[in-house]
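As the structure is a prediction and not an experimental result, all values here were calculated from the model. Along the sequence shown, residues carry numbers from 1.
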Amino acid sequence: MRPCLPSPERVLPWLQRMHENRVYSNFGPLTRLLETRYAEFLQVSADQVVSVANCTLGIQGAVSLSSARKWLVPDFTFAATGLSVLTAGKQLLIGDVSPLTWALDPEVAKSLPEEDGIIPVMPFGAPIDLASWHRRENVVVDAAASLGTKPNLSALPETWAVAFSLHATKVLPAGEGGLMVFGNSESARRFRSWTNFGFSGQRVSATAATNAKMSEVHAAYALTSLDGWSEEKAQWQGVHSLARAVVPEEPEPRRAAWNAGVNPYWVIDCGSEEQRTSTEMSFAAAQIATRRWWPTLLSEMEPFRGIVEQGQTQHAKNLCNVLLGLPMWRELDDRKVDRIAAALHQRSTV
């Protein structure tokens, strides 16, 4: 993956506006405009969207402000998901994922009390799944890489929240930053206060909070990315079309979920740990980089040892052992894809 921010020439008009405003942070005009434009993009009211310094802080804040004390997360996820719960001072529960969707298995949550929270992770830019958790009250969807699916959140339940990342490695990047979408305006208002030291109209902290505001500089980059959405979308769809021609045999649930191809990942299932090692060796010999995106179970990382598991997490363990990320960026072309295809063909002989 190669991060790709808008060029300085394209960002300059927004930066000039920032300097004319002489506001550089603290819910400035660019961040508020960004929230308004993303509200339209996601089909919600502007008072439901709050910009944030990064997606991890967004999840932490939503969890911190929730009444739920225990939160279930998948064992197969990026460390930030679990860390967000721990840093919010809540109890973490870890569950298995579906082998077909790679997302948290809804069956795992059935034994949890209604008051417990759920953080479903939309892996590698998958579309947001609202249906699987419709009976739960406390849900924070970790959709860090899913903004490119242009989800319709008009039916987002009132007690839910959705977190998006605007990191440089994501679709519609701002360099760093995130967006939180809440099911109701009051939750969004409380979260906005949480991102600003708990201030609510006065420079006095009303609650335990932090500084998690997005700067106007990052908002300028985010607005520029949003201006170029049609172009970026077409680029991602083009390179994913090339990738699907090389590895077309994805299982139906994932193929249907990611068919739009508007995400920054090319992740393949090598079938076995041995075959993944063979694939890595083949790519290394061809001087092509690969990456084990989520190489270790959450429960095996030091901060999470001893955390309560909801049953065995065998599917999550298997995914850690067999998945491999291949090169993927917006300017990937036929020649480079041909090199990738050749390395995949050679892996069985390494």
Side-chain angles (χ1 to χ4, degrees), residues 1 41-43 55-56 58-59 72-82 84 95-109 118-134 136 139-153 155-156 160-167 169-173 178-181 229 232-233 236-237 239-241 243-244 247-269 291-295 298 313 315-316 318-320 322-326 328-330:
M1 176 187 294
F41 188 85
L42 300 169
Q43 301 184 51
C55 185
T56 306
I59 299 172
L72 175 69
V73 306
D75 210 0
F76 181 65
T77 185
F78 186 53
T81 312
S84 298
D96 206 1
V97 297
S98 163
L100 291 178
T101 65
W102 304 350
L104 187 64
D105 188 346
E107 292 296 316
V108 177
I118 309 287
I119 304 183
V121 176
M122 305 297 103
F124 306 114
I128 294 174
D129 174 16
L130 298 181
S132 295
W133 313 98
H134 68 282
R136 307 296 307 194
V139 177
V140 176
V141 181
D142 182 347
S146 299
L147 196 56
T149 63
K150 200 177 185 293
N152 180 348
L153 298 183
L156 185 68
W160 290 25
V162 180
F164 297 103
S165 173
L166 300 178
H167 190 268
T169 57
K170 302 296 190 293
V171 171
L172 291 168
L179 296 167
M180 293 298 298
V181 182
W229 163 238
E232 181 175 352
K233 178 181 178 181
W236 283 121
Q237 289 177 327
V239 296
H240 274 280
S241 179
R244 284 196 298 272
V247 186
E249 67 275 8
E250 288 290 337
E252 183 59 33
R254 287 204 301 279
R255 186 166 64 248
W258 298 342
N259 195 46
V262 189
N263 64 73
Y265 302 99
W266 184 354
V267 181
I268 63 169
D269 183 343
R291 175 168 291 183
R292 300 183 182 186
W293 279 110
W294 299 340
L298 199 68
T313 59
H315 295 312
N318 181 62
L319 291 175
C320 286
V322 302
L323 297 188
L324 187 65
L326 304 185
M328 172 58 66
W329 67 96
R330 286 165 61 178

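Annotation for Val121 and Pro74: closest pair CG2-CG, 3.6 Å, computed over non-hydrogen atoms. When every heavy atom of Ile118 is checked against every heavy atom of Arg136, the shortest pair comes out as CG1-NE, 3.9 Å. Residues Met180 and Ala161 share a closest heavy-atom pair of CE-CB, 4.1 Å. Considering all non-hydrogen atoms of both residues, Pro106 and Trp133 come closest at CA-CH2, 3.5 Å.
Atoms OG and CZ, from Ser146 and Phe164 in turn, are 7.0 Å apart once rounded to the nearest 0.5 Å. For the atom pair Leu166 CG and Leu147 CG, the distance stands at 6.5 Å (nearest 0.5 Å). To the nearest 0.5 Å, the span separating CH2 on Trp293 from CG on Leu323 amounts to 12.5 Å. Rounding to the nearest 0.5 Å places CG of Asp142 at 8.0 Å from CE of Met122. For the atom pair CH2 of Trp329 and CH2 of Trp266, the computed distance is 10.0 Å after rounding to the nearest 0.5 Å. Within the model, atoms OG1 of Thr81 and CG of Leu298 stand 7.5 Å from one another, a figure rounded to the nearest 0.5 Å.
Judged as a side-chain hydrogen bond (donor to acceptor under 3.5 Å, both in side chains), and not counting sequence neighbours, the contacts of His167 are Thr169. Asp96 meets the side-chain hydrogen bond (donor to acceptor under 3.5 Å, both in side chains) test with no other residue; sequence neighbours excluded. In terms of the side-chain contact (heavy atoms from CB on, under 4.5 Å) criterion, residue partners of Ala103 (sequence neighbours excluded) are, by chain and number, Thr101, Pro123. For Asp75, the side-chain hydrogen bond (donor to acceptor under 3.5 Å, both in side chains) test picks out Ser299, Thr313, with sequence neighbours left out. Residues satisfying the side-chain hydrogen bond (donor to acceptor under 3.5 Å, both in side chains) criterion with Thr56, sequence neighbours excluded, are absent altogether. With sequence neighbours excluded, no residue forms a ring-ring contact (aromatic ring centres under 6.0 Å, His included) with Phe78. Evaluation of the side-chain contact (heavy atoms from CB on, under 4.5 Å) rule for Ala145 yields Lys170, Tyr265 as partners, not counting sequence neighbours. Listed by chain and residue number, Leu83, Met301 satisfy the side-chain contact (heavy atoms from CB on, under 4.5 Å) test with Ala79 (two or more places apart in sequence, or in another chain). Partners of Leu130 by side-chain contact (heavy atoms from CB on, under 4.5 Å), not counting sequence neighbours, listed by chain and number: Ile128, Leu156, Trp160.
No donor-acceptor pair closer than 3.5 Å links the side chain of His240 to the backbone N or O of Gln237. With hydrogens and angles disregarded, a donor-acceptor distance shorter than 3.5 Å links the side chain of Glu232 to the backbone of Leu172. Between the side chain of Ser84 and the backbone N or O of Ala80 there is at least one donor-acceptor pair closer than 3.5 Å.
Note on ring orientation: taking the six-membered ring where Trp is involved, the planes of Trp294 and Phe76 are perpendicular (angle over 60°, cut-offs 30° and 60°).
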